Amino acid sequence: MTNQTLLVLSGPNLNLLGERQPDVYGNETLADHLAVVEAAAADHGLEVEHLQSNHEGELVEAIHSARGRCAAIVINPGAFTHYAWAIHDALAAFDGPVVEVHLSNPASREPWRHTSVVAPVASGSIAGFGADGYRLAVQAAVALLGR
Ligand code: CA2
């Protein structure tokens with residue numbers, strides 16, 4: 001029996017989506033993005049498990065608990081993207097596809113956002129496509145899983 005679960009992880013402050021900075025992050029809430037993810041995943045027989053956390057260790061533990069249990073991970077690490085080496089190390093110990101997703105395009109923003117410590121351990125990264133990014137991230141995970 002293959003793993004049927006897609007783990008979706010959301011980093012710090014993403015719980016505030018839809019409340020502020022719509023010019024940067026859009027009007028959608030995190031729940032709106034999750035609804036898109038769930039519909040796209042269901043089309044391919046995947047169930048979605050989601051955790052949003054403002055705490056690095058909780059995200060690390062969720063990645064550990066995905067090992068041998070989840071088929072793939074879609075992660076928007078928020079600002080942890082740029083410096084959270086513990087998330088890097090945890091993702092490196094996960095065997096399946098990892099898709100990094102960002103609503104904005106960090107490469108076109110402040111210099112401190114130009115480095116991602118997650119990208120080197122991700123299968124690929126999707127950034128700058130706003131709300132479409134989450135659908136694209138699921139499609140990428142599904143393609144990598146060969147489903
Ligand atoms: O573009 C993305 O998805 C980011 O991962 C969002 C992070 C940012 O630190 C990354 O550089 C790029 C920030 C998410 C914070 O979201 C907020 C939403 C509403 C109000 C305040 C913050």
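None of the values given here were measured: they were computed from a predicted structure. Start at 1 and go down the list; that is how both ligands and their atoms are numbered.
Counting protein heavy atoms only, atom 17 (C) of ligand 1 is closest to Asn13 O, 3.7 Å. Here the protein heavy atom with the shortest distance to atom 21 (C) of ligand 1 is Gln21 OE1, 3.7 Å. Considering only non-hydrogen protein atoms, atom 2 (C) of ligand 1 sits nearest to Leu103 N, 3.4 Å. Nearest protein neighbour of atom 1 (O) of ligand 1, counting heavy atoms only, is Ser104 OG, 2.5 Å.
Neither the backbone nor the side chain of Glu19 has any atom closer than 4.0 Å to an atom of ligand 1 (non-hydrogen atoms only). Proximity of Asn76 to ligand 1, defined as any heavy-atom pair under 4.0 Å, is confined to the side chain (atoms from C-beta onward). In His102, the parts holding a heavy atom less than 4.0 Å from any atom of ligand 1 are both the side chain and the backbone. The proximity of Arg20 to ligand 1, defined as any non-hydrogen pair under 4.0 Å, involves the side chain as well as the backbone.
Here OH of Tyr134 is found 11.0 Å from CD1 of Ile126. Values are rounded to the nearest 0.5 Å. To the nearest 0.5 Å, the span separating CH2 on Trp112 from OG1 on Thr81 amounts to 9.0 Å. The CG atom of Leu91 lies 9.5 Å from the CG atom of Leu59; values are rounded to the nearest 0.5 Å.
Relative to atom 10 (C) of ligand 1, the option among Glu110, His82, Glu100 with the closest non-hydrogen atom is His82.
Note: no N/O pair closer than 3.5 Å links Tyr25 and ligand 1 by distance alone. The distance criterion of under 3.5 Å between nitrogen or oxygen atoms is not met by Pro106 with respect to ligand 1.
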Next item on the list: Give the intermediate values and the outcome of side-chain contact (heavy atoms from CB on, under 4.5 Å) for residues Glu49 and Leu7.
Entry: CA-CA 5 Å; Glu49 193 175 297; Leu7 178 63; 3.9 Å; yes

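Near Leu14, with a cut-off below 4.0 Å to any heavy atom, the atoms of ligand 1 are 14 (C). Those atoms of ligand 1 that come under 4.0 Å of a heavy atom in Arg113, given as number and element, are 8 (C), 9 (O), 10 (C), 11 (O).
The two residues Ser123 and Pro97 have their closest heavy-atom pair at OG-CA, 3.4 Å.
Counting non-hydrogen atoms of neighbouring residues, nucleotides and ligands closer than 6.0 angstrom, the CZ atom of Arg69 exceeds 12 such neighbours. Shown here is Asp95, whose CG atom has no more than 12 heavy atoms of other residues, nucleotides or ligands within 6.0 Å. In the displayed structure, Glu47 atom CD is contacted under 6.0 Å by at most 12 heavy atoms of other residues, nucleotides or ligands.
Under the 3.5 Å distance criterion, with hydrogens and angles disregarded, no donor-acceptor pair is assigned to the side chains of Ser10 and Gln52.
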